[in-house]
Amino acid sequence: MQTGQQNSATSHVGNDEYADGPRLLADIGGTNARFALEPGPNRIEAIKTLPAADYQEFTDAVLAYLQQAGHPPVRHAVVAIANPVQGDQIKMTNHDWAFSIEAARQLLGFDTLLLVNDFTALSMAVPQLKPSDLLQVGGGQAAAGSPIGLVGAGTGLGVGGLVYGGGRWLPLASEGGHVSFSPANPREAAILAYGWRTYEHLSAERLVSGPGLELIHQALLDIEGLPAEELKAEQIVERGLQQGDLHCKETVDIFCSMLGTVAANLAVTLGALGGIYIGGGVVLHLGDYFERSPFRARFENKGRMTALTKKIPTFVITADYPAFIGVSAILGEKLRDKRDA
């Protein structure tokens with residue numbers, strides 16, 4: 001039996017339990033598959049993180065989790081996945097899982113198996129986050145009811161949004177991480193030219209992500225005419241922020257600046273006066289350095305739109321498992337609509 005990291009419950013609000021049994025919540029990224037059970041409203045329990053690479057198929061990971069959880073009588077499940085969700089067939093961008101949603105539902109024996117883009121799920125979590133789940137970076141104040149943008153750097157680069165209408169928040173599905181990377185200065189243009197040696201289309205995700213940190217570092221060494229050095233993202237952050245390695249420190253700063261560009265582009269595209277929210281594991285790994293990084297200065301440096309971006313607040317999402325909050329809301333709404341139909 002596979003084993004993974006186990007964590008305590010994130011919340012125990014209310015005593016009610018769902019009449020049709022606990023619901024399975026999942027958050028699948030390119031590196032980790034996170035699972036939880038929701039036995040009743042606002043109760044997220046039995047959280048486990050399994051390495052995605054340990055399982056040949058998506059359903060193998062689900063079955064391993066359910067075995068570890070004691071085979072709960074799950075009928076309804078929802079999965080946030082770092083991938084476009086269009087139709088029945090799923091082929092992950094940053095992992096090798098490919099499957100049919102309907103075939104997986106039948107194999108697992110669920111009545112409902114709902115898949116949504118991971119940033120759709122994160123978007124739906126934002127209206128429910130508490131102030132203690134957020135860290136504001138820089139100034140600005142959110143305008144109530146205005147559009148909200150989300151970006152998050154992890155194994156890939158997630159982008160999403162929220163608009164308010166009809167008395168509720170509506171998520172905007174997006175693959176905005178795959179927009180073309182836009183350099184802001186000659187140094188970044190040189191990094192772009194380096195990336196073009198390998199990729200015909202250099203997307204923002206190629207640089208503003210965990211693997212992107214590695215690519216930026218490789219580019220800087222090449223630009224300086226220094227020997228190549230293969231460092232993982234974690235090593236680059238540690239060397240840059242803890243050990244005084246100048247090229248690693250520059251890599252981190254350029255990454256934060258590039259994230260500022262991505263966030264500002266999203267802000268002006270959506271008119272996101274409700275704020276920009278930042279998820280993903282890379283920024284959290286930077287710790288309190290991110291507040292001192294060039295991110296906010298780059299976000300505000302938007303030419304004729306600088307006055308606009310200065311008004312828009314940017315928040316780091318610090319909640320442990322925000323995607324579970326979002327998928328819970330999405331599944332609950334889906335099941336209510338089904339009952340009301």
Side-chain angles (χ1 to χ4, degrees), residues 1-7 23-37 46-69 71-72 74-124 152-160 171 173-178 199 203 205-206 209-212 214 232-233 279-282 321-324 326-328 330-331 334:
M1 180 176 68
Q2 301 285 351
T3 59
Q5 178 183 349
Q6 182 171 359
N7 305 89
R23 298 172 181 178
L24 176 66
L25 313 179
D27 178 20
I28 308 295
T31 303
N32 293 311
R34 300 176 179 88
F35 297 95
L37 294 174
I47 296 171
K48 290 183 183 290
T49 300
L50 305 180
D54 286 0
Y55 302 90
Q56 185 173 354
E57 303 287 348
F58 160 71
T59 50
D60 294 337
V62 177
L63 291 170
Y65 169 75
L66 292 173
Q67 181 180 4
Q68 294 178 42
H71 300 287
V74 171
R75 291 177 55 192
H76 306 294
V78 58
V79 178
I81 191 165
N83 210 70
V85 179
Q86 299 171 347
D88 180 66
Q89 295 294 324
I90 299 292
K91 181 174 174 53
M92 291 189 67
T93 305
N94 292 311
H95 190 51
D96 57 6
W97 285 347
F99 58 94
S100 155
I101 299 172
E102 176 58 20
R105 183 194 68 79
Q106 292 183 24
L107 187 151
L108 295 167
F110 297 157
D111 293 348
T112 306
L113 177 59
L114 180 64
L115 269 82
V116 298
N117 175 265
D118 60 335
F119 265 72
T120 299
L122 188 61
S123 298
M124 288 299 289
T155 306
L157 177 65
V159 174
S174 171
E175 287 299 322
H178 296 282
Y199 305 106
S203 67
E205 178 176 88
R206 292 290 187 190
S209 62
E214 299 164 14
K232 295 297 184 183
V282 176
Y321 300 98
F324 289 152
V327 292
S328 170
I330 292 169
L331 180 58
K334 177 78 170 181

For this session: Decide yes or no for Val116 and Val85: does some side-chain heavy atom of the first lie under 4.5 Å from some side-chain heavy atom of the second?
Result: no
Problem set entry | Spacing of CD belonging to Gln86 relative to CG belonging to Asn117, to within rounding of 0.5 Å | 9.5 Å
Problem set entry | Short side-chain to backbone donor-acceptor contact, Asp88 and Glu102, under 3.5 Å | yes
Exercise. Within 45 degrees of the axis of the six-membered ring of Tyr199 and under 6.0 Å from its centre: does Arg206 put its NZ or CZ there?
Worked result: yes
Exercise. Is there side-chain contact between Trp97 and Ile81, with at least one heavy-atom pair below 4.5 Å?
Worked result: no
For this session: Taking all heavy atoms of Met124 and all of Pro171, pick out the closest pair and write down the distance.
Result: SD-CD, 3.6 Å
Seminar exercise, completed: Rounded to the nearest 0.5 angstrom, the CZ-NE2 distance for Arg23 and His76 is 6.5 Å
Problem set entry | Atom pair CZ (Arg34) and CG (Leu50), whose distance is rounded to the nearest 0.5 Å | 10.5 Å
Exercise. Considering only heavy atoms from C-beta outward, does the side chain of Leu157 approach that of Phe119 to under 4.5 Å?
Worked result: no
Exercise. CG/Asp27 to CZ/Phe324 distance, rounded to the nearest 0.5 angstrom?
Worked result: 6.0 Å
Exercise. So do the side chains of Leu108 and Leu63 get within less than 4.5 Å of each other, counting heavy atoms only?
Worked result: yes
Problem set entry | Ile101 CD1 to Ile90 CD1 distance, which is reported to the nearest 0.5 Å | 4.0 Å
Exercise. Is any side-chain heavy atom of Phe99 closer than 4.5 Å to a side-chain heavy atom of Leu107?
Worked result: no
Problem set entry | Pairwise distance CG(Leu66) to CZ(Phe35) - rounded to 0.5 angstrom | 8.0 Å
Exercise. Considering only heavy atoms from C-beta outward, does the side chain of Phe110 approach that of Leu24 to under 4.5 Å?
Worked result: yes
Seminar exercise, completed: Tightest non-hydrogen contact, residues Pro211 and Gly154, listed as CD-O, 3.9 Å
For this session: Measure the shortest side-chain to side-chain distance between Glu175 and Thr93 over non-hydrogen atoms and say whether it is less than 4.5 angstrom.
Result: no
For this session: State, with a plain yes or no, whether a side-chain heavy atom of Val327 is found less than 4.5 Å away from one of Val79.
Result: no
